[in-house]
2 protein chains.
Amino acid sequence: MHAHTMPAKKARFIPLSDRKAYHRFEDVIGCKWSTLVVAAVSQGVTRPGELERYIPGISTKVLNERLRKLVDFQVLSRTEQSGLPARVDYALTDNGTKLAALLEQVRLLNAQHPDPAS
Amino acid sequence: MHAHTMPAKKARFIPLSDRKAYHRFEDVIGCKWSTLVVAAVSQGVTRPGELERYIPGISTKVLNERLRKLVDFQVLSRTEQSGLPARVDYALTDNGTKLAALLEQVRLLNAQHPDPAS
DNA sequence: TCGAGTGGGAACCTTTTGGTAACCACCCCC
DNA sequence: GGGGGTGGTTACCAAAAGGTTCCCACTCGA
């Protein structure tokens, strides 16, 4: 235990590893549209233009930013196809597949509960 | 199927119910510190002052905003104890317990992957 | 009067975020 | 020259978010 003067069952602070993990999750998924991009790719929509049309309301700029960040965080992988016009495919990594499964469960959870009263 | 001229297996847009669920998730969890607040409550830290000390870096103002929002979204419940000084406890609802379990899995997922190269 | 504890809010400010509009690259065709 | 397609970036801006600082309420004790 890292808190040598506290009761053994209660830490003084939330563990640093927890903090890092949750802040990282915030960085990856906390941004608007990120969950929808991951969900869309897991539903088989893999090309940028298709994603832009499939997700109403998203802008080209934000879509590209999310894709880049999701690739950086190894949730998605990016593959350029040969030939023209240019063609790119995004796909879930192993890590991304697991995250998408968790997001799917969150979606089901949310579907069971109405919005809060406004 | 709602797209009567598209191939049956590919919808034109991500379903509205999906969009609503994911946007709701963004609202609840997308804000900085929300995941850490839920995690801390699930680890048994239930009082506002304790939460503030347990989560380094969080401000009183933001903690209170997150708590209010998490109560509004029925992730947490709030109970005022009788007596003085004032004492309040927050607890996970059934819905919140399920969400916390999912966040715990996300945390484990993240723990297995290093940060992206900067 | 001061200190302490509990819980919580508002004004102000800086920083961050997301959208708009225009632009870029590579091609094709008229 | 114009149109179209693919994919992607940048400047600018308004809005939102989060932190700081100070304040409020209720009590108790010195």
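Chain naming here is simple, since letters A, B, ... match the order of the sequence lines and numbering starts at 1 in each. Values reported hereafter were calculated over all heavy atoms of this structure, with side chains retained and with hydrogens, waters and symmetry mates removed.
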**Q** Would you mind classifying the nucleic acid contact of A:K61 as base, sugar-phosphate or nothing, using non-hydrogen atoms under 4.0 angstrom?
**A** base

**Q** Closest nucleotide of DNA chain C for B:V88 versus for A:K32: which of these residues is on the 5' side?
**A** B:V88

**Q** For C:dG8, does OP1 or OP2 lie under 4.0 Å from any side-chain N or O of B:Y90?
**A** yes

**Q** Measuring only between side-chain heavy atoms, which start at C-beta, is A:F73 closer than 4.5 Å to A:N95?
**A** no

**Q** Whole-Å distance between D:dG18 P and B:L67 CG?
**A** 14 Å

**Q** Is there side-chain contact between B:L67 and B:L51, with at least one heavy-atom pair below 4.5 Å?
**A** yes

**Q** For DNA chain D, whose closest nucleotide is more 5', that of A:R68 or that of B:S59?
**A** A:R68

**Q** Is the backbone of A:V28 close enough, under 3.5 Å, to the side chain of A:S34 for a donor and an acceptor to pair up by distance?
**A** yes

**Q** A:E80 has an atom CD; how far is it from atom C1' of C:dC27, in whole Å?
**A** 15 Å

**Q** In this structure, how many angstroms lie between the P atom of D:dA16 and the CH2 atom of B:W33, rounded?
**A** 23 Å

**Q** Mapping B:R47 and A:R66 to their closest nucleotides on DNA chain C, which lands nearer the 5' end?
**A** B:R47

**Q** Using a cut-off of 6.0 Å, state whether more than 12 heavy atoms not belonging to B:Q81 lie near its atom CD.
**A** yes

**Q** Between A:N64 and A:A86, name the one whose nearest nucleotide on DNA chain D is closer to the 5' end.
**A** A:A86

**Q** Between B:L63 (CG) and D:dG19 (C1'), how many Å, whole number?
**A** 13 Å

**Q** Roughly how many Å is it from CD1 in A:I58 to P in D:dG7, rounded to a whole number?
**A** 14 Å

**Q** Report the distance from atom CG of B:L51 to atom P of C:dT6, rounded to the nearest whole Å.
**A** 13 Å

**Q** Can you tell me the distance, in whole Å, between the CD atom of B:E52 and the P atom of D:dT20?
**A** 11 Å

**Q** Using 4.0 Å as the upper bound for N to carboxylate O, is an ion pair formed by A:K69 and A:E65?
**A** no

**Q** Provide, to the nearest angstrom, the distance between the CD atom belonging to A:Q81 and the P atom belonging to D:dG8.
**A** 12 Å

**Q** Which listed nucleotide (C:dG8, D:dT6, D:dG18) is nearest to the side chain of A:R53?
**A** D:dT6

